[in-house]
Amino acid sequence: MKVKVINRIEEDFTKERKQDLKKVHRNFDPNIHQFEKAHEYTRALNAAKLERIFAKPFIAALPHEDGVTALCRNPKTINSIVSGCADGAVRIWDIAQKRTLRRLVGHTGAVRGLSFAPDGESVVSCSTDCTVKLWKVPYAPLEAGHVEAQQQAVLEFQGSNAFRSIDHHWSRNMFATASTAVDVWDHERSEPVHTFTWGADTVISVRFNPAEADIFATTGSDRSIALYDLRISTPVRKLVMQTRCNALAWNPMEAFNFTVANEDCNLYSYDMRKFTSATCVHQDFVSAVLDVDYSPTGREFVAGSYDRSVRIFKYNGGHSRDVYTAKRMQRVFCVRFSGDASYVMSGSDDMNVRVWKAEASEQLGQLLPREKKKKAYNQALLERYKHMDEVKRITRHRHLPAAIFKAARQRRVIVDSESKKLQKRIAHSKPGSIKIKPERRKKIVAEVE
Amino acid sequence: MKYAGWFSDEDEHSVEEPSDEPREDSGAGGYVDVSLEHSDDFLGGMDDDASENSEMPAFSQEEEGDVEKDDDRHQRMLDQITGKVSFGRDSKVRKQALKQLMISEAGQETEFGLNPGSSSTGAAGDLTVEELMKSLGSDERRKLTPASRKILEHLKTKPAVSLAGTEAGSGKARKRKLAAAGAAVAPVAAPLPRLIKERQERKAGYEDTKEEVTKWQSIVKANREAPTLVFTSARGEVGRINTTQAIVAQHTPETALEEEVAALLEKAGAASAKAVQEAEEKLALKSLTLEEVRARQERLAKMRSLLFHHELKAKRLKAIKSKDYRKRMAKVEKLHAKKTGASIADEEADSDAERAAEAEAEFERARERLTLRHRNTSKWARRALKRGVEVMDAGTKEALAEQLRLGQSLRRKIEGKDEVNEDSDDEISSSEGGEDGTLGDVRVKKGLSAKAKAAALDLITGDADAPLPKKGLFSLPFMSRALQKQRIEAQETAAQILQEDAEGKGFEEAGARSRPLPGSSVTSSAGRMRFVSSGAPGSLQVPFGFEDIEDGLAVGDAELDSDVDEDLESKAERLGLRLKVREENGAVVGEGVSASTKTNVVRSAGGKVKDGRSQLPTLEELRDIELALEGGTGVSMLPDRLSHRVSAEAATGSGARRVETASASHRAHFSSAAARSVESGRADLFTSRPQANASREEDETGSKVATVPFIPSKSFTGSRIGYAFKNGLQGLGYYTDPKPGLTAAKPTIKESIVPSLVGPVAVIAGQRSKEHQQKRKGLGDASLSSVGSVKGQKTAVTAQEINHHAQARNQSRNEKDGGDDSEEEAERVKEGMRPIGGKAQTQKDLISLAFAGDDVEAEFAAEKAEDVASELPKIEEPSTLPGWGMWSSAQREPKWMRDAKEKAKKDRETAAAGRSDAKIRNVVISEKWDKKAAKYTASSLPFPYTSKEVYESSLRQPLGPEYNPDSSFRNLTRPAVLKTTGVVITPARYGKNTARDAAAGITVDERGVARVEGGMTVLAQKSGKEGTKKQQGSAQLSRGGISGSFSKSLTAEKKRQRRI
């Protein structure tokens, strides 16, 4: 009779030299790993709990002298941001060291817009004092310590009206400003090289498309979103919505998609080729959304609202992935994603620029491969079991300020009652007589050619 | 001259936007510009339809070919202006009227001398080439190139072509124009109103832009669908400068100040460290003569080379890893130091140091001897050796050799120290070794033979005429006869042994046979032996000390060796004496036994002995006899444990009844079955010869069965011993089983079935027979003469009788049946598979017989109903007693109550009918709501999934590393976005190849990873290399900044997280 014995050759399992690779033998026989679903569910639950435990997104607050009205990030380095303030001050920050590098002096009115040139060496700012100024931006020195200094503008461009917004072209020395009209300026010229007008109303914001650099879009006080193309020197299309859009952000990875921050507490994503309906409506805010900025990955965006909160949405998420609030944070006027998609900056009325983590519970710093693996596993588990009641409850729970919570509850009641009313109306009307407009089309008034 | 309408065919676009240009009315030209509608700038586009529906007259510009209609038209126009217009009701007429109404002639007198209004060229005055040519002077004409002149000539000869017609698109208009060409000049179309023009431009622009961005479609789609995106954009842009040296090397002066400083440094010759050094050297050279410089240089060169060689040597020496070398070097150094310091240090200190060194060396040696560290016995060395020499690398080999050498050296020192003693020791040990190897064995044999001889002698000489017992069972005549007989036999055997011994045969055999048998007391002293006497209470128990036991044969070789020199006779005498003492003290011992063995070691059994009648040789004694005999015959003994058990039983049980037949001349042998029966409290310890025979017979029958290689059978008729039923080479039937081990076990079971019918005794018999068989095998002695107890014999006989009886019965039955398959039947009987009611009864009948009276189906139905009732939803029904709490006049069971009950019943029925097992008769499918299992289920089907099955299948594959190989684990858990913190992700850049690949679906690799590469190569190209460099530097800075960046707060946080 053949006798089977368990045999283990020691040499196969021990390292003799440091360089020897040790093979880890695992038995994947399902019989010895039973109840895998129960195990993984429990792990997912634990992952969800840990995620909430470690969710501490706030990193730093950078103080200003007045409400922060404009922000922009350096496209070349991630530690450099510039913020503009309601009293006309502009500061260049070294966020890593939490210090001001330069105070840019010159504006006499509130700074309404800031934008970096693509080389990351200069920044343009626009203000309600009818000027646009171009500043040189120094790099942060390696050594720590106080380096703050004043700095004057390099160039100044004079406009006839107060500027509401500015955005720099992504590859040329051009920038666009929004005031009564949209002006396109060149660094080398004191007068705008192009002026686009369409309608008589003020343009609120302007943004260049990062992927298709010659296309840009504006939002106006006529409740419109307008598209422009520098190559044909005309505006190309206009979409009128029921309420005003305060800001617009292009998806840097998807050339034809952009998202607008609307006064009606929602954000709307559009495909610029198809204005008949929004691609997604992003809800959750309880007050007007004031600014929006896409993550460089194009997979999510951050938005700040008048309801004193910052929310992060997935590019196709109907509801926010996360919400950041701080006890002393006031109306959020501007938000920006960092260049590496790991941080989020917000400027608010409480005279602070705040730096947050984009992933609230992310462990910062270098991770060991083992840690990375664990993190990925936890994420995958959460993704898989996110529909389970308990996991869902834990991952979705956020502790919100009372004002937001109550307002949200109120909104929910309103929305519910509206939908109930609609249902009743449908029930008591001739079939087909009441057409339900989907949420994505509800707020579109007209598409203007 | 008139304008050809751009929108002549497009009636929809008849809205005219107000023109900012000053309106002109020129009577001579007769062109009219009519604006009818003011549309809002912004709403203009939106209100297209509205304007279309409005009743406002819209003008479409249309050239008119007929000259005759001019006046008419003019009149109508005037009417229109003065408000006298009256259109016909017919819409067609109206449209035509509108068309005719349209006069839009615009144009000014030009420098080319054209008068579009003049009718010289005809009323439909299209601009002709001829007209244009007129303006050219002769000089200009001459200036024209021959080619252009040719074209012009060609145009002249052709009928006049309307430039406007070529310009504007509509085919209809063009046709008409061509028809009228030559005769009339068509009017040039008026420019569109700005708003319309702009709108058209915007529309076209939008289409263009749309098309432009649609090229991204494939890329965007591929990226959206990719399970994982890896952003690798700016990784390359991040510089890899780590040292200040590198930064300095890359530094180029940029600002004016920097340049100035650089120029100054250059001028001073201090631009770099090297330059400074050179300058210094030059300075030094200035004050020296040529010879001196040369000498210095040579000296320096020599020093440099020396230094270099010294460095090399030091490096080489430093690389030596040998510990031995190091030790030696240390010693050498020590010696050197000693030598150099000898003159200074005094002798006392020297001796002290020497002594200390000696002590240390001594300690080392001692340690070496104790630990054997350098004998390659360490784990590492053993493993290295085990791996084999050929795979061993040079270093390991060397290290091993080194170890050995070191060990040797250490040991040599020991030898060197006290050489004399060691040598003598060695001699002794070697001589001992020699003895162990050769003499020892001889001695053992000698000893054995001596003992055997002694025992044999004892048997022959002293004990033949030992008195037979006068009392008890053994005093019975037949018993005494048997005893006598046994004695004689024993004597004979002893004589034979002696003879063999004389011939010098038995040793080798003894050695050979006894060795393979474990537990035999001759070869081993492993088990602890117990010797219990069954002496009468009152008789003197001689408690033997340990030394006595040691004296015993059973203890082993050492004792054999120890008394090798002892005189055999004297020993025999001594032992005999001792035993005689025992005899005198009242214990009646079998003569031969007592005389022959020295192992009748009796230990007091104390209270264990229950009846005092057993004064005869006990089991131990028998065993001892066997031991004694074995020395001569080489027949192995029973296993220790067995005898042990037996002895225990003998002590406790009814030894007297058993030992009657025990005789010294016979070797009793016990089966393990007997031992087992002892354990189970049975008394039949010995197997009888008949039983043995019977078992042997049984075995033979068994083997007979197994000798036929194949028994054809059409169906499986029960298992057979040693056979397997299968479809083999010879067809379906029973084949000899290739796995005898498995089937060998079967007979015992089968055997045990038959006896179980007749009585429990047979089971034992059967078992015993088998055990016996095994036993026999183990002993390897075919000529065993077994002497069993009376009872044992009896039981065995009964068992066998029963067996025979059963067989006989079966046979008779078979005969009755008269079937030709009587053989088979008998077989089956033997296997215990006897059909109850004969052949006619089928399996079904049997089953029905077996389960007669069991209504399983009804039971199941009842159970199912119960289960279903327990799982049905709780449906409330009025539970009050009818009439309770009601007026006596009221109905006892009101209608509502009846209805409610009926409804509840109906509901229950529908619920039961809705169950998944409602239509399956023999199955109960539980629909119980499992609260614990519910935890692992989603409350509703999540959004992207459309079916439960798909969702469940998506959860099926576990993700963890316990369940998946590493590669799958990584694939399953790869995050959707992979990026590097601190590295800027630049916006997507379009590439044709990328788009093509994305469309083909090859941007995503097999792991589901798509790489997204950006590229901010913007101003870097413009400003050239310097710009790029600077960017890199800056990127590096930022990286440095970030890594040290949030570092403080972040490391703190990390720590905190780790702590948790």
Side-chain angles (χ1 to χ4, degrees), chain A residues 1 11 28 33 36-38 40-41 54 59 75-80 94 96 118-120 139-140 142 170-171 199-200 210-212 215 222 227 229 232 234-237 252-256 272-273 296-297 299 339-342 363-365 376-377 379-381 384 387-389 446 448-449, chain B residues 41-42 45-46 198-199 201-203 205-206 208-210 212-214 216 220 223 229 231 383 387 741 936 938-939 942 955 958-960 962-963 965 972-975 977 979 981-985 987-988 1012 1016 1018-1019 1031 1034-1035 1037-1038 1040-1042 1044-1046 1049-1051 1053-1054 1057:
Chain A
M1 197 175 83
E11 281 76 55
F28 298 112
H33 299 293
E36 71 277 1
K37 200 173 174 189
E40 297 219 313
Y41 169 78
F54 291 127
I59 289 175
K76 283 289 170 187
T77 65
I78 70 152
N79 64 344
S80 167
D94 175 10
D119 59 356
Y139 290 106
L142 281 172
W170 280 85
S171 59
E212 274 295 324
I215 298 169
D222 56 354
L227 292 176
D229 197 330
I232 52 173
T234 54
V236 285
R237 183 86 14 146
M253 290 294 156
E254 297 169 3
F256 40 77
M272 66 165 271
R273 300 167 300 169
T297 60
R299 287 301 176 108
D340 62 346
S342 299
Q363 188 181 336
L364 296 177
Y377 182 39
Q379 287 297 322
L381 282 176
R384 168 164 288 189
H387 303 298
M388 303 295 172
D389 290 342
V448 185
E449 283 180 342
Chain B
D41 205 8
F42 152 62
M46 283 197 313
E198 278 176 5
R199 187 188 304 148
E201 276 174 4
R202 285 198 298 262
K203 202 175 168 187
Y206 182 59
D208 190 38
T209 313
K210 222 158 114 175
E212 181 71 22
V213 292
T214 308
W216 286 86
V220 169
N223 284 351
L229 283 185
F231 293 97
R383 217 170 60 200
R387 275 165 78 98
Y936 306 116
S939 51
L955 298 183
L959 301 170
E962 300 96 326
Y963 317 105
L972 283 165
T973 60
R974 189 169 290 114
V977 172
K979 57 187 175 55
T981 301
V983 176
V984 175
I985 300 164
V1012 181
M1016 293 280 292
V1018 203
L1019 288 179
Q1031 276 171 23
S1034 69
L1037 287 185
S1038 80
I1042 278 300
S1045 66
F1046 299 117
S1049 59
L1050 302 189
T1051 42
E1053 192 193 27
K1054 204 173 172 182
Q1057 290 186 351

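In what follows, every chain begins at residue 1, and chains take the letters A, B, ... in the order their sequences are listed. Bear in mind the structure is a predicted one, so any value in this text is a computation, not a measurement.
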Enquirer: Looking at every heavy atom in both A:Tyr41 and B:Tyr936, which two are closest together, and how far apart are they?
Expert: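 Smallest heavy-atom distance, with atoms named: CD2-CE2, 3.3 Å.
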
Enquirer: Please name all residues satisfying side chain to side chain contact (heavy atoms under 4.5 Å, CB included) with A:Ala211, sequence neighbours left out, ordered by chain then number.
Expert: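 Side chain to side chain contact (heavy atoms under 4.5 Å, CB included) list for A:Ala211, sorted by chain: A:Asn209, A:Ala255, B:Trp216.
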
Enquirer: Heavy-atom distance under 4.5 Å to chain B: side chain of A:Tyr377, backbone, both or neither?
Expert: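 It is both, since atoms from each part get that close.
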
Enquirer: So, the side chain of A:Arg237 versus the backbone of A:Leu227: is there a donor-acceptor pair under 3.5 Å, distance only?
Expert: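 Not confirmed, A:Arg237 side chain does not pair with A:Leu227 backbone.
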
Enquirer: Which of the residues A:Gln379, A:Met272, A:Lys37, A:His387 is involved in the greatest number of heavy-atom pairs with chain B at under 4.5 angstrom?
Expert: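 Answer, by heavy-atom pair count under 4.5 Å with chain B: A:His387.
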
Enquirer: Less than 4.5 Å to any heavy atom of chain B: does that hold for the side chain of A:Glu40, its backbone, both, or neither?
Expert: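 Answer is side chain: those atoms of A:Glu40 sit under 4.5 Å from chain B.
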
Enquirer: CD1 of A:Ile232 to OG1 of B:Thr209: how many Å apart, nearest 0.5 Å?
Expert: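 One finds 4.5 Å between CD1 of A:Ile232 and OG1 of B:Thr209.
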
Enquirer: Using heavy-atom distances under 4.5 Å, tell me whether A:Arg299 contacts chain B through its side chain, its backbone, both, or neither.
Expert: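 The answer is the side chain of A:Arg299.
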
Enquirer: With chain A, which of B:Leu972, B:Asp208, B:Leu229 has the greatest number of heavy-atom pairs at distances under 4.5 Å?
Expert: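 Most heavy-atom pairs within the cutoff with chain A belong to B:Leu229.
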
Enquirer: Could you work out, with salt bridge (Lys or Arg N to Asp or Glu O under 4.0 Å) as the rule, every residue matching B:Glu962, not counting sequence neighbours?
Expert: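 Checked B:Glu962 against salt bridge (Lys or Arg N to Asp or Glu O under 4.0 Å); matches are A:Arg43.
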
Enquirer: Heavy-atom cut-off 4.5 Å, strictly under: side chain, backbone, both or neither for A:Thr234 against chain B?
Expert: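 Side chain only.
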
